[in-house]
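Here's the structure, in structure tokens; my notes come after.
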Amino acid sequence: MKRTMTILLSLLLVCGSVFAQGKTEKPFPSKQVTIIMPWGLGGGPDTIARKVASYGEKYLGQPVIVENKCGGAGTIAMDALMQAPDDGYTMVCSNGPLFSLTPAFVPVDYTLKDITPLIGMRIVEFVILSNPSSSGIHTLEELIAAGKSGKHIKYATTGGPGNDSYTMISVLFKKLGIEAEAVPYDGGQDAINALVGGHVDIAIGSPPVYRDYVRNGQLACLGTFIPEGIEVEGIGKIPSFKEQGIDTEFTGMDYFAVKNSVPEDRKAILTKYVKDVYADPEFQAFMESLGMQAWDATEDEIKEKITLQTEAMDKYIKLIK
């Protein structure tokens, strides 16, 4: 009897060992990774994120897809990230204003401590544009004259209150002393489409969305919020509003992030994946065709910029709230 019990115990130990081996965790990632996009199809961050995602099989060994979850000034996307498992299979394309600006306008259920920025994507250079054929406005001076004459001006934004483009274009009209109506859209491409279609008089955009429209003469650049102005290939120098005597400036940023609770080794794998994409000559040629460069900022660099931006936004928030 004793010998029989010994044999049974040994069998149980062997079975337990085999079972434990069968439960060994698969190498990460072993399935599709998703990038949540807070803004609409075809905008600047959406265009870049989809290109990065196209290299999923090559550099991550798994497919990567982009899911657009628009609305709520980006909070719908952030809520989706917060509700996702802590397994690293869900990334988000985030920006600074989701932390520096949005909480001043919209109740949010997240803080900067809840995420880990993995790597930067791009520096955002907002430009204000007009459609001269429908509005007759070619320059900032003509916009001011139109506003002072009593013309009802409508401007397109890439989101509602709490969104960076909404805030900065609204601040500009406040600084100009012009009454105007904001028309929020779900992303940069939608805003530019509305301008090209003559549904609004003014819109805000960033490369690559507006560049071809300006090149072919459909749209005109009135100024940028980048203090020193910007040079855009095929367009030339776009002057800043500061250079035109309007005291307003803004430099935005987009970056890839995950929940802070994702294991560190998985964060490192995802960061390396994006870095590998950025180093790919084909991707670099793609970015060059957009007139842009990938912004490979580190977690610390991104958080420092968000902190500085939060301090800078305070005066603008007070101006338009």
Is [Y] close to [X] at the side-chain level, that is, under 4.5 Å between some pair of heavy atoms?
{"X": "V52", "Y": "M121", "value": "no"}
{"X": "R266", "Y": "D87", "value": "yes"}
{"X": "L176", "Y": "I246", "value": "yes"}
{"X": "S130", "Y": "E142", "value": "no"}
{"X": "D114", "Y": "M82", "value": "yes"}
{"X": "L101", "Y": "Q309", "value": "no"}
{"X": "V64", "Y": "Y55", "value": "no"}
{"X": "K113", "Y": "K303", "value": "no"}

Examine [X] and [Y] and state if one hydrophobic cluster contains both, with Ile, Leu, Val, Met, Phe, Trp and Tyr joined whenever side-chain heavy atoms are less than 4.5 Å apart.
{"X": "I153", "Y": "L222", "answer": "yes"}
{"X": "I317", "Y": "L112", "answer": "no"}
{"X": "L41", "Y": "V92", "answer": "no"}
{"X": "F225", "Y": "L143", "answer": "yes"}
{"X": "I144", "Y": "L319", "answer": "yes"}

Kindly give the heavy-atom pair with the smallest separation between [X] and [Y], and that separation in Å.
{"X": "P117", "Y": "Y255", "answer": "CB-CD1, 3.9 Å"}
{"X": "P29", "Y": "V33", "answer": "CB-CG2, 4.2 Å"}
{"X": "K259", "Y": "K267", "answer": "O-CE, 3.9 Å"}
{"X": "I76", "Y": "C70", "answer": "CD1-O, 3.3 Å"}
{"X": "S165", "Y": "I204", "answer": "CB-CG2, 3.5 Å"}
{"X": "G44", "Y": "P208", "answer": "CA-CD, 3.6 Å"}

Using the ring of F283 (Phe, Tyr or Trp, six-membered ring only), decide whether K51 places NZ or CZ under 6.0 Å from its centre and within 45 degrees of its axis.
no
Taking side chain to side chain contact (heavy atoms under 4.5 Å, CB included) as the definition, give me every residue that meets it alongside [X], ordered by chain and number, with sequence neighbours left out.
{"X": "T298", "value": "D300, E301"}
{"X": "D265", "value": "P263"}
{"X": "K275", "value": "I119, T271"}
{"X": "P103", "value": "V108"}

Any Lys/Arg nitrogen of E243 or K237 sitting under 4.0 Å from an Asp/Glu carboxylate oxygen of the other?
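Yes, charged N to carboxylate O under 4.0 Å.
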K175 and T248: side chain donor to acceptor below 3.5 Å
no
Counting only heavy atoms not in [X], do more than 12 fall under 6.0 Å of its [atom1]?
{"X": "Q244", "atom1": "CD", "value": "yes"}
{"X": "E179", "atom1": "CD", "value": "no"}
{"X": "E304", "atom1": "CD", "value": "no"}
{"X": "E288", "atom1": "CD", "value": "no"}

Tell me whether [X] contacts the main-chain N or O of [Y] through its side chain, where contact means a donor paired with an acceptor under 3.5 Å.
{"X": "T90", "Y": "T34", "answer": "no"}
{"X": "D86", "Y": "V262", "answer": "no"}
{"X": "T116", "Y": "V258", "answer": "no"}

Please name all residues satisfying ring pair (Phe, Tyr, Trp, His ring centres under 6.0 Å) with Y316, sequence neighbours left out, ordered by chain then number.
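Scan of Y316 (ring pair (Phe, Tyr, Trp, His ring centres under 6.0 Å), adjacent residues dropped) gives none.
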By ring pair (Phe, Tyr, Trp, His ring centres under 6.0 Å), which residues pair with Y166, not counting sequence neighbours?
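Listed in chain order: nothing, the list is empty.
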Evaluate the ring planes of Y110 and F99, with Trp represented by its six-membered ring, and classify them as parallel (under 30°), tilted (30 to 60°) or perpendicular (over 60°).
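The rings of Y110 and F99 stand perpendicular, inter-plane angle above 60°.
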Partners of [X] by salt bridge (charged side-chain N to carboxylate O under 4.0 Å, His left out), sequence neighbours excluded?
{"X": "E67", "result": "K69"}
{"X": "K174", "result": "none"}
{"X": "R211", "result": "none"}

[X] [atom1] to [Y] [atom2] distance, which is reported to the nearest 0.5 Å:
{"X": "F250", "Y": "S240", "atom1": "CZ", "atom2": "OG", "answer": "15.0 Å"}
{"X": "M168", "Y": "I128", "atom1": "CE", "atom2": "CD1", "answer": "8.5 Å"}
{"X": "I169", "Y": "I320", "atom1": "CD1", "atom2": "CD1", "answer": "11.5 Å"}
{"X": "D46", "Y": "C93", "atom1": "CG", "atom2": "SG", "answer": "8.5 Å"}
{"X": "M37", "Y": "S94", "atom1": "CE", "atom2": "OG", "answer": "10.5 Å"}
{"X": "L81", "Y": "T75", "atom1": "CG", "atom2": "OG1", "answer": "12.5 Å"}

Hey, which of F126, F241, Y155 is the one that makes side-chain contact (heavy atoms from CB on, under 4.5 Å) with L172?
F241
Would Q293 and M287 satisfy side-chain contact (heavy atoms from CB on, under 4.5 Å), going step by step from the backbone distance to the final call?
CA-CA 6 Å; Q293 290 184 330; M287 292 296 285; 5.8 Å; no
Aromatic contact, Y89 with F28 (centres under 6.0 Å):
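Here the rings of F28 and Y89 have centres that are less than 6.0 Å from each other.
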One pair to check against side-chain contact (heavy atoms from CB on, under 4.5 Å): L118 and E299. What are the steps and the verdict?
CA-CA 6 Å; L118 299 176; E299 175 186 353; over 6 Å; no
In the hydrophobic clustering (ILVMFWY, side-chain contacts below 4.5 Å, transitive), which residues join L129, or is it alone?
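Taking Ile, Leu, Val, Met, Phe, Trp and Tyr as members, L129 shares its hydrophobic cluster with V127, V183, Y185, I192, L195, V196, V200, V209, Y210, Y213, V214, L219, I226, I230, V232, I235, I238.
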Which pairs count as salt bridge (charged side-chain N to carboxylate O under 4.0 Å, His left out) when at least one residue sits in residues 147-168, sequence neighbours excluded?
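Sorted result for residues 147-168: K151-D201.
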Hey, mind stepping through E249 and E228 against side-chain contact (heavy atoms from CB on, under 4.5 Å) and telling me if it holds?
CA-CA 10 Å; E249 62 179 274; E228 62 275 17; over 6 Å; no
Mind checking side-chain hydrogen bond (donor to acceptor under 3.5 Å, both in side chains) for K305 and listing every partner two or more places apart, or none if nothing turns up?
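Partners of K305 by the side-chain hydrogen bond (donor to acceptor under 3.5 Å, both in side chains) criterion come out as none, since no residue qualifies.
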Criterion side-chain contact (heavy atoms from CB on, under 4.5 Å) on N95 and V124, from CA distance to verdict
CA-CA 9 Å; N95 68 8; V124 181; over 6 Å; no
